[in-house]
Amino acid sequence: MSMRDFVAELAGATPTKEELRKRYEETKAYVEEHFLGRPYTEEDEKAGEKLWADLEAGRIGQVR
């Protein structure tokens, strides 16, 4: 595979900002409907970021 073909393939596989925004909105709607039963809030986002950081650091915490 040439470098040109590789770069073209990589560019085609990288989602656009619009595709990423759409995925975010679809995922948010799914989480609200199937897990939260309410709108996703900024507090939910902060709790998720903390949980992710704890997982990456090898700490085990409680999910609230």
field: Co-membership, hydrophobic cluster, residues Met1 and Val7, 4.5 Å side-chain
entry: yes
Note, Glu9 side chain near Phe6 side chain (heavy atom, < 4.5 Å): no
task: Can you measure from CZ (Arg23) to OG1 (Thr27) and round to the nearest 0.5 angstrom?
output: 8.5 Å
- prompt: Looking at NZ of Lys28 and CD of Glu45, how far apart are the two atoms once the value is rounded to the nearest 0.5 Å?
  reply: 9.0 Å
Path from Leu36 to Tyr24 over hydrophobic side-chain contacts below 4.5 Å: yes
message: Quick check: closest heavy atoms across Glu32 and Tyr40, and the distance to 0.1 Å?
response: OE2-N, 2.8 Å
query: Can you tell me how far the OG1 atom of Thr14 sits from the CD atom of Glu19, to the nearest 0.5 Å?
result: 9.5 Å
query: Heavy-atom distance under 4.5 Å between the side chains of Arg38 and Asp44, does that happen here?
result: yes
query: Is it the case that more than 12 heavy atoms not belonging to Glu42 sit under 6.0 Å from its CD atom?
result: no
field: Pair Arg21 + Glu18, salt bridge at N-O below 4.0 Å
entry: yes
